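In what follows, a single structure is set out as structure tokens and then discussed.
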Amino acid sequence: MGKKSVIPFGPQHPVLPEPIHLDLVVEDERIVEAIPNIGFIHRGLEGLAPDRDFQKYLYVVERTCGICSFGHGLGYVESIEGIMNVEVPERAKYLRVVWAEMARMTSHLMWLGFTADAFGFESLFYEAWRIREKVLDLMEMTTGGRLIYSVLKVGGVLKDITPDMQKKILDDLNEIEKETREMTRTFLDDYSVKTRLVGVGVLTKQQAHDVGACGPMARASGIVCDMRMRGYEAYADLGFEPVVSQDGDSYARCEVRINEIFASIELVRRAFERMPKEGDLAVTVKGNPDGEYFARIEQPRGEAIFYSEGHGKPALDRFRLRTPTFANLQALCETLKGAEYADVPILILTIDPCISCTER
Amino acid sequence: MGKVKKSPWLLHYDGSSCNGCDIEVLATLTPVYDAERFGVVNTGDPLQADILMITGGINQQNAPVVKQLYDQMPRPKVVVAVGTCACSGGVFRECYNMLGGADSTIPIDIYVPGCAARPESIMDGIMKAVELFQKRSDEHDRYEKEHKGEAGPVDPNINTARDKVRMKEMKGAADV
Amino acid sequence: MSEEAADKKTAGLSGKSVIVPIQAEELVQKAVEMKKKGLRLSQACCSWVNNQYEISYSFADDETLDYTTLRILAGRTDEITSISEIYPYAAFYENEMEELFGLKIRYINLDYHNRLYRIKTKAPFLPEDQREVTSGPAAEKSPDVAEAGKKEDAN
């Protein structure tokens, strides 16, 4: 057959926003196998859990990843509230949903930009990030930060959204929706984009189940699995339908994430309608956690699992965070088999890698 | 800012950062904040880069990678540490795998604080880096002109203790 | 600890979360049962509490959103059989447990031999006095990072 060679990919590469190393076993431009080599962002922050007070450890967990920051904070406070049986006030639940959905929108818009850059369409990259800046302005207006918000607390939230802010958010969302629809039409209808995405990196439903994929990777192959269907926070009240596609290639994953942006805008609007007009923002939490709890939430990249274990001390004994990219790494290796070498950057980006989440 | 003769090219590398500062560095180069009007261009090739932007602290795995990137860049060069983690180690300073901020491995010229560093601060850092690069470029040209025809490693930018040690090592290796 | 009580947090949520204690020898057989039911391995983790390992393997059901966790208690020198023949992607979780906790797992299909993260401290999550063992399977010499690091420094 052809000649086999091993090409190292990463850790420094123009399309990779983060360092990851892949050893690609290549036979004449076709990839036979991919072996990932991770560990460049491993800080070991789970080892800090026994040394920090559980209320202050939230700030370390939030900084696991700058893109999925709100999701990590939310999962951590849910796991502590589960151990200590804390009932969060209604208004705080709706506020958490609003911020989580807006964080999801920024994450997907950023991903659209990176993917456009990977196949060389730079003006689409800048357009997606320009729209993302508008959403970041709204986040900054309400929480004070662009990427790391620090607006969560065990027992509720720290800040409120006033009626003026609410009106501005709803007006701006109309504009953002219109511009996003125009921009994503290029993604879905343009001929040159379609030739790069359609039929590339196909993962059938059975393959996706065997590899343990989660999040938009699994939903694009037809598996209906979204943690928001469990109804945590205020999702049970808002009614939620997951976005699913059947094709399983890179185009389908793009479609799923684009439709999720519009679904998030709808959820924010409905949350503002159904939010109680007045209420407490947080309850005071006394005592130390004693017990264990598994919290499962839906991050922009998939299902994230937060496990906390405490034995009555102010610091937790063990905190474990299983992020969606850790589960999707095997799916990446599966899609890379039999792919062409020129498609490697696109395939790495379709799993929406967040290596700093994976390695903590 | 003074007269800018050449447009420096930026190389951005993520040490062990949480990605917040990386996204803000890329946001600084997009049209809303637009650092490209000061003449900088984002490149992926260390052999053609002049300014290195490091985000995140350094851990045991990526210390050799960062050193290699720094060595591959030709002189004159400027290094900017973006974010609190690159300046000193940040929230993760006491973790078992971290060596500290970026200055545990390479010499840093400009520190930009923040968690995540705001695009306005990063822009300020880039402008100072461009000025510093102009200064070093002029010094380099003058040194070359004065010492024309001499053999040996030419380096007028010896301004840190680490560089002095490195120069001694290089001379020692050349002698053997 | 068996069923989670109907506490305030999980009252309105669909999908129950259950922790089932089992013996280390039953792990592979239970994993086969989970695979037959069509469950997906969601996570595997380990913690060091009360001078023993608490190992958890969690399986998620995508239709009913239920969550089942198998819990194994093991000593410092015990050995666990890997389930990566049944669930191939369990290899990453098990390599991580081996490297960070010094737990010995045999027959992993993609074995990194303690070089997944390539950290210099051996078993950093264990307390200092537990890190070195002189008996049992965990005491076997594997190509360790500390020795490879020393060789690199000498060069």
Side-chain angles (χ1 to χ4, degrees), chain A residues 35-40 42 44 46-47 50 78-79 81-88 208-214 218 223-227 229-232 235-237 291-296 303-305 307 309 311 317-323 326-331 333-334 358-359, chain C residues 1 4-5 7-19 35 38-50 54 56 58-69 71 87-93 95-96 99-101 110 112 115-119 121 124-127 145:
Chain A
I35 306 166
N37 224 329
I38 58 180
F40 293 99
H42 182 71
E46 290 178 2
E78 280 223 352
S79 71
E81 288 163 4
I83 298 181
M84 301 174 75
N85 263 334
V86 171
E87 178 71 22
V88 177
H209 180 85
D210 287 339
V211 212
C214 60
I223 303 180
V224 180
C225 162
D226 192 321
M227 286 297 124
M229 298 190 306
R230 288 184 66 224
Y232 62 90
Y235 287 107
D237 193 37
E292 55 185 337
Y293 190 81
F294 280 96
R296 293 180 277 158
E303 164 210 42
I305 302 183
Y307 169 69
E309 185 178 356
H311 291 276
D317 266 330
R318 174 79 169 115
F319 172 71
R320 156 80 166 148
L321 162 57
R322 197 287 269 157
T323 46
F326 202 92
N328 283 336
L329 263 184
Q330 196 70 16
C333 298
E334 191 69 25
T358 311
E359 300 178 10
Chain C
M1 185 169 177
E4 227 171 285
D7 46 357
K8 294 174 200 154
K9 195 73 194 165
T10 50
L13 303 181
S14 36
K16 283 193 321 294
S17 173
V18 171
I19 300 183
K35 180 103 187 190
L39 304 189
R40 134 179 92 92
L41 172 68
S42 173
Q43 66 102 30
C45 80
C46 180
S47 62
W48 176 261
V49 181
N50 295 336
E54 267 184 19
S56 317
S58 306
F59 297 89
D61 189 341
D62 288 331
E63 321 255 317
T64 58
L65 296 171
D66 284 336
Y67 206 66
T68 319
T69 306
R71 175 61 57 84
Y87 284 101
Y89 51 95
F92 279 116
Y93 300 110
N95 275 306
E96 189 190 19
E99 186 164 359
L100 296 181
F101 282 88
L110 176 63
Y112 279 85
R115 295 203 59 130
L116 178 67
Y117 291 137
R118 290 160 283 148
I119 50 184
T121 333
F125 276 74
L126 291 179
V145 181

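Please read all numbers here as calculations on a predicted model, not as lab measurements. Just so it is clear: chains get the letters A, B, ... in the order the sequence lines come, proteins before strands, and each one is counted from 1.
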message = Restricting to side chain to side chain donor-acceptor pair (under 3.5 Å), what partner residues turn up for Thr68(C), sequence neighbours left out?
response = none

query = Contact part of Pro50(A) toward chain C, heavy-atom cut-off under 4.5 Å: side chain, backbone, both or neither?
reply = neither

ask   = Using 4.0 Å as the upper bound for N to carboxylate O, is an ion pair formed by Glu96(C) and Arg322(A)?
value = no

request  = Please flag which part of Met227(A) lies under 4.5 Å from any non-hydrogen atom of chain C: side chain, backbone, both or neither.
outcome  = side chain

ask   = Are the side chain of Arg230(A) and the backbone N or O of Asp66(C) linked by a donor-acceptor pair below 3.5 Å?
value = no

request  = Mind telling me whether Tyr93(C) and Phe326(A) have parallel, tilted or perpendicular rings, with 30° and 60° as the class edges?
outcome  = tilted

Residue Ala213(A) versus chain C: region with a heavy atom under 4.5 Å = backbone

query = Does the Arg318(A) side chain pair with the main chain of Val49(C), one donor and one acceptor, at a distance under 3.5 Å?
reply = no

key: Expected output: side-chain Arg296(A) to main-chain Leu65(C) donor-acceptor under 3.5 Å   = yes

remark   = The interface call for Ile38(A) against chain C, heavy-atom contacts under 4.5 Å, is both

query = Can you say whether Thr358(A) sits under 4.5 Å from chain C via the side chain, the backbone, both, or neither, judging by heavy atoms?
reply = backbone

key: chain C contact via Tyr235(A) - side chain, backbone, both or neither, heavy atoms under 4.5 Å   = neither

note = Looking only at His311(A), Glu309(A), Glu359(A), the option with the highest number of non-hydrogen pairs under 4.5 Å against chain C is Glu309(A)

task = Heavy-atom distances under 4.5 Å only: say whether Glu46(A) touches chain C with side chain, backbone, both or neither.
result = both

